[in-house]
Asker: 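To start, I am sharing the structure in question, which I have written as structure tokens.
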Amino acid sequence: LSPALFSTPLEKLRQWRGEAAQALEDLRHWSTLAQLVDTTTAARLAHLQRRLVQERLSIAFVGESGRGKTALINTLFFSDIGVRPLPETSGRQLTCPLELRCDPSKAPSLRLLPIETRGSALALREFLLEEVAWTTLPVDLSAMSRLPQAFMPLTDTRDVPFAQAAGWGLVPTDYPTHTDTQGLTLARVPRWRYAVANLPHPALKNGLTLLDLPGSAHLRAEPELIRNLVADADALVLTLDLALGIGEADMALWTDVLALSDLAREHVFVAFSKRDQLVAQFDPDKVEAEIERRALAAASRLGVARTRVFALSAREAGAGAKTDLERMAQTIADSVIRARGAAHAAAVHAETGTLLAESRHVLDSRKTVFEDSMAELSQVAAKNKRLMQTLSQRAGEESDRYRGASTVYHEFATLHATLHEELRALFDPKQSKARTATTRHQFIIGNRELVDQALDSYFAESARLLEAAVQKIVDVQGMMTRVNRAFSLDYSLKPVEVAPFSTTRFAGELGKARQRSDQDYKGGSRGFSRRETVADKWVEDVGERVDHIFEIAYRETNVWMNALTRDLEQEISHLQVQLTGRLENMQKLKEADDELKQRLAEVTANRDRVAEQRSELNEHAKRVARLLDRAGQA
Ligand SMILES: Nc1nc2c(ncn2[C@@H]2O[C@H](COP(=O)(O)OP(=O)(O)OP(=O)(O)O)[C@@H](O)[C@H]2O)c(=O)[nH]1
Ligand SMILES: [Mg+2]
């Protein structure tokens with residue numbers, strides 16, 4: 001019988017558990033980063049992950065004392081080392097329960113919990129979690145021949161008074177008794193309450209725990225063993241003695257002590273051991289029929305399927321045809337390990353299935369949201385682009401218009417300045433006063449002809465100046481008409497209003513002054529008066545009046561001319577304000593467009609990330625599916 005029967009599939013299962021745990025770890029990490037998992041689901045994944053890493057599989061051997069449980073373990077798990085390490089006993093309820101497991105972080109050892117700890121208020125479970133009360137013996141693996149010696153303490157006993165045994169919750173009469181030299185009756189009880197062996201055995205290293213449980217006496221005294229260990233075992237091997245058949249003690253253990261639930265019964269295998277002894281007792285012709293009879297009887301009394309009852313021997317050589325021992329080992333290994341693998345796969349499937357499906361859904365809807373906003377943003381961007389084109393075209397036109405109008409205005413301004421200068425010279429009041437003074441002087445120094453001549457030339461000069469000025473004003477009006485036409489036609493500007501400027505009254509006033517002068521001062525009609533008196537009188541009646549005409553004309557022309565430039569200047573600056581406003585609007589639109597482009601880039605990056613996550617999710621799903629596939633094939 002090869003111990004690899006258990007260790008090989010266990011090793012495969014352990015590997016699978018490791019890979020599944022890693023896949024869960026990766027999935028949990030990834031989905032947390034991608035914000036696809038809620039804390040509850042993440043916690044459940046972490047829990048399953050821990051369970052996969054730590055989980056052990058256990059096979060418990062139960063049966064009345066002496067039925068051959070320990071012998072079976074020796075044969076099934078240690079047949080390759082040349083010795084039977086665990087002590088096989090006489091069936092007197094003296095061995096202590098043994099748990100075989102492997103913790104590679106600790107040295108091989110046998111840890112023993114003294115029987116007197118039963119006097120403590122602590123439960124066995126609590127002692128199992130601590131170190132203090134235990135006796136730890138090292139197990140030397142350098143020579144296998146010394147191994148049985150290392151396990152001998154399992155059979156240590158103590159002789160204690162009945163009262164002491166009863167005080168520990170033991171029933172003294174369940175154990176061998178004798179009377180000492182003082183006549184005191186003593187019960188021989190196991191020295192140890194519980195033992196844990198730490199061994200680097202291949203099957204144990206791959207997560208198997210073996211429980212070699214004691215007979216009914218010790219089990220009754222330690223109900224926790226049943227509650228915690230037997231009930232949780234993945235396989236329960238009920239060991240019976242084929243030579244004895246199923247007896248009342250076995251039935252009592254089965255129905256009263258074990259009292260398994262229907263669920264726990266599904267994990268029961270019946271090992272009818274010591275087949276060799278029966279074979280020796282019976283006629284070879286009849287032995288097979290007798291075995292079948294006993295196996296059937298046991299199956300029906302226990303209420304388990306006949307196929308789960310194996311008639312075998314711990315003394316079998318294992319050569320030749322497949323024996324029941326091998327068949328049982330194979331059946332246990334297959335069903336236990338496969339069942340556990342299937343349970344793991346189901347758990348992995350249950351914990352990841354919803355997460356994967358929901359993540360797929362969430363990622364798809366995130367993608368849709370991003371793509372929708374990409375479409376919206378692109379639409380707005382296109383609209384913006386068109387708007388910007390229109391605006392920039394308009395701004396171009398506006399700026400052409402402004403530049404053209406400015407040029408026209410500057411040309412006008414130059415011409416206007418020249419004309420204004422000329423008008424000022426023509427209407428200059430000082431010149432007018434000088435002319436008046438010169439003429440007055442003629443009254444003092446000249447004779448009658450000279451005075452008349454001076455008066456004629458005075459008026460001729462004044463009229464010439466006025467006429468010239470009037471001509472200039474007409475020029476200015478003409479220029480204004482041209483400018484206005486250019487402004488309104490070429491640059492669609494509002495024409496400047498040109499205030500009417502009447503010049504006829506100046507000529508009229510001058511005519512009246514001349515009439516007075518001709519009438520009163522020509523031809524020497526003031527012959528009797530002093531010359532100065534006549535000159536002053538002329539200035540007062542005529543000269544000052546003419547000067548006044550020039551003064552008024554001078555002032556009014558100034559006002560009129562200035563008004564023209566002021567209005568035009570206003571129009572131009574209005575145009576400039578308009579242009580600046582438009583350029584500012586364009587700048588704002590440009591900024592908004594930049595922002596929009598940035599946002600679009602962000603959303604696009606998000607969409608790409610989601611697409612990437614979607615394929616990462618597929619990888620995770622594939623990885624889980626591969627694991628589940630492999631679990632199904634195992
Ligand atoms: N001939 C023969 N002897 C066996 C077989 N199985 C067990 N024995 C012997 O039967 C006796 C009892 O076997 P154990 O394995 O110690 O029985 P156990 O069920 O462990 O008993 P406890 O530890 O007291 O509960 C031992 O002397 C074994 O060597 C077998 O298949 N054939
Ligand atoms: Mg035993």
Side-chain angles (χ1 to χ4, degrees), residues 1 59-79 83-100 110 112 115 147-148 150-157 170 174-176 188-197 210-222 225-226 229-230 236-247 249-250 252-254 257-258 269-282 287 291 294-295 298 309-319 323-329:
L1 185 85
I59 304 178
F61 290 80
V62 288
E64 196 48 274
S65 180
R67 298 296 186 264
K69 303 179 290 287
T70 309
L72 212 49
I73 295 176
N74 274 333
T75 305
L76 286 171
F77 295 94
F78 297 99
S79 54
V83 285
R84 299 173 74 78
L86 306 181
E88 297 170 22
T89 62
S90 57
R92 299 203 301 162
Q93 311 269 24
L94 292 177
T95 34
C96 115
L98 170 66
E99 184 176 321
L100 288 150
L110 180 65
L112 300 155
I115 192 79
L147 211 48
F151 286 101
M152 273 325 280
L154 292 171
T155 59
D156 289 351
T157 58
L170 304 173
D174 279 348
Y175 301 91
R188 176 156 294 176
V189 299
R191 177 165 174 205
W192 309 109
R193 184 182 181 186
Y194 197 81
V196 180
L210 293 172
L211 290 166
D212 184 3
L213 295 170
S216 57
H218 208 74
L219 277 184
R220 262 193 216 98
E222 203 78 85
L225 291 178
I226 313 262
L229 302 171
V230 175
L236 198 61
V237 182
L238 175 68
T239 313
L240 300 171
D241 186 331
L242 190 57
L244 296 176
I246 183 161
D250 299 313
L253 175 78
W254 176 249
V257 183
L258 293 176
F269 299 86
V270 179
F272 237 138
S273 198
K274 306 192 191 180
R275 185 186 202 270
D276 56 314
Q277 287 182 353
L278 189 79
V279 170
Q281 285 168 27
F282 273 80
V287 73
I291 289 171
R294 292 183 185 207
V309 181
F310 302 88
L312 45 83
S313 170
R315 296 262 180 271
E316 270 172 35
T323 64
D324 256 19
L325 181 72
E326 274 175 281
R327 261 198 296 279
M328 181 180 79

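Here the structure is a predicted model, which means the values were calculated and not measured. Numbering of ligands and ligand atoms starts at 1, following listing order.
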Asker: Testing the basics here: between Leu225 and Pro214, what is the closest heavy-atom pair and its distance to 0.1 Å?
Answerer: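 That closest heavy-atom pairing would be CD1-CD, 4.4 Å.
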Asker: Which atoms of the protein, restricted to N, O or S, are nearer than 2.8 Å to the Mg ion (ligand 2)?
Answerer: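 Correct list: Thr70 OG1.
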Asker: Considering all heavy atoms of both residues, which atom of Arg294 and which atom of Leu242 are nearest to each other, and what is their separation?
Answerer: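 Result for this residue pair: NH1-O, 2.8 Å.
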Asker: Using side chain to side chain contact (heavy atoms under 4.5 Å, CB included) as the criterion, point out the one residue from Asp276, Leu325, Thr323 that pairs with Leu312.
Answerer: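 The passing option is Leu325.
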Asker: Which residue pairs pass the salt bridge (Lys or Arg N to Asp or Glu O under 4.0 Å) test with at least one member in residues 87-98, sequence neighbours excluded?
Answerer: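 Output for this query lists Arg84-Glu88, Glu88-Arg315.
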Asker: In this structure, which one of Asp241, Asp250, Asp212 forms a salt bridge (charged side-chain N to carboxylate O under 4.0 Å, His left out) with Arg67?
Answerer: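 The passing option is Asp250.
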Asker: Identify the heavy atoms of Phe151 and Ala197 that sit nearest to each other, and give their distance.
Answerer: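 Minimum heavy-atom separation between Phe151 and Ala197: CE2-CB, 3.7 Å.
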Asker: So, applying side chain to side chain contact (heavy atoms under 4.5 Å, CB included) with Val62, which one of Leu229, Leu238, Val257 is it?
Answerer: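 Result for side chain to side chain contact (heavy atoms under 4.5 Å, CB included) with Val62: Leu238.
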Asker: Would you say Leu110 and Met152 make side-chain contact, with heavy atoms under 4.5 Å?
Answerer: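 Side chain of Leu110 against side chain of Met152, heavy atoms only: no contact under 4.5 Å found.
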Asker: Pairs of nitrogen or oxygen atoms, one from ligand 1 and one from the protein, closer than 3.5 Å: please tabulate them with distances.
Answerer:
{"unit_1": "ligand 1", "atom_1": "1 (N)", "unit_2": "Asp276", "atom_2": "OD2", "d": "2.8"}
{"unit_1": "ligand 1", "atom_1": "1 (N)", "unit_2": "Gln277", "atom_2": "NE2", "d": "3.4"}
{"unit_1": "ligand 1", "atom_1": "10 (O)", "unit_2": "Lys274", "atom_2": "NZ", "d": "3.1"}
{"unit_1": "ligand 1", "atom_1": "15 (O)", "unit_2": "Thr70", "atom_2": "N", "d": "3.3"}
{"unit_1": "ligand 1", "atom_1": "15 (O)", "unit_2": "Ala71", "atom_2": "N", "d": "2.8"}
{"unit_1": "ligand 1", "atom_1": "16 (O)", "unit_2": "Thr89", "atom_2": "N", "d": "2.6"}
{"unit_1": "ligand 1", "atom_1": "17 (O)", "unit_2": "Gly68", "atom_2": "N", "d": "3.0"}
{"unit_1": "ligand 1", "atom_1": "19 (O)", "unit_2": "Arg67", "atom_2": "N", "d": "3.3"}
{"unit_1": "ligand 1", "atom_1": "19 (O)", "unit_2": "Gly68", "atom_2": "N", "d": "2.9"}
{"unit_1": "ligand 1", "atom_1": "19 (O)", "unit_2": "Lys69", "atom_2": "N", "d": "2.8"}
{"unit_1": "ligand 1", "atom_1": "19 (O)", "unit_2": "Lys69", "atom_2": "NZ", "d": "3.0"}
{"unit_1": "ligand 1", "atom_1": "20 (O)", "unit_2": "Thr70", "atom_2": "N", "d": "3.0"}
{"unit_1": "ligand 1", "atom_1": "20 (O)", "unit_2": "Thr70", "atom_2": "OG1", "d": "2.7"}
{"unit_1": "ligand 1", "atom_1": "21 (O)", "unit_2": "Gly66", "atom_2": "N", "d": "2.7"}
{"unit_1": "ligand 1", "atom_1": "23 (O)", "unit_2": "Thr95", "atom_2": "OG1", "d": "2.7"}
{"unit_1": "ligand 1", "atom_1": "24 (O)", "unit_2": "Ser65", "atom_2": "OG", "d": "2.6"}
{"unit_1": "ligand 1", "atom_1": "24 (O)", "unit_2": "Thr89", "atom_2": "OG1", "d": "3.0"}
{"unit_1": "ligand 1", "atom_1": "24 (O)", "unit_2": "Thr95", "atom_2": "OG1", "d": "3.4"}
{"unit_1": "ligand 1", "atom_1": "25 (O)", "unit_2": "Lys69", "atom_2": "NZ", "d": "2.7"}
{"unit_1": "ligand 1", "atom_1": "29 (O)", "unit_2": "Glu88", "atom_2": "OE1", "d": "2.6"}
{"unit_1": "ligand 1", "atom_1": "29 (O)", "unit_2": "Arg315", "atom_2": "NH2", "d": "2.7"}
{"unit_1": "ligand 1", "atom_1": "31 (O)", "unit_2": "Lys274", "atom_2": "N", "d": "3.2"}
{"unit_1": "ligand 1", "atom_1": "31 (O)", "unit_2": "Ser313", "atom_2": "OG", "d": "3.3"}
{"unit_1": "ligand 1", "atom_1": "31 (O)", "unit_2": "Ala314", "atom_2": "N", "d": "2.8"}
{"unit_1": "ligand 1", "atom_1": "32 (N)", "unit_2": "Asp276", "atom_2": "OD1", "d": "2.8"}
{"unit_1": "ligand 1", "atom_1": "32 (N)", "unit_2": "Asp276", "atom_2": "OD2", "d": "3.3"}

Asker: Can you name the side-chain hydrogen bond (donor to acceptor under 3.5 Å, both in side chains) partners of Thr157, sequence neighbours left out?
Answerer: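 Partners of Thr157 by the side-chain hydrogen bond (donor to acceptor under 3.5 Å, both in side chains) criterion come out as none, since no residue qualifies.
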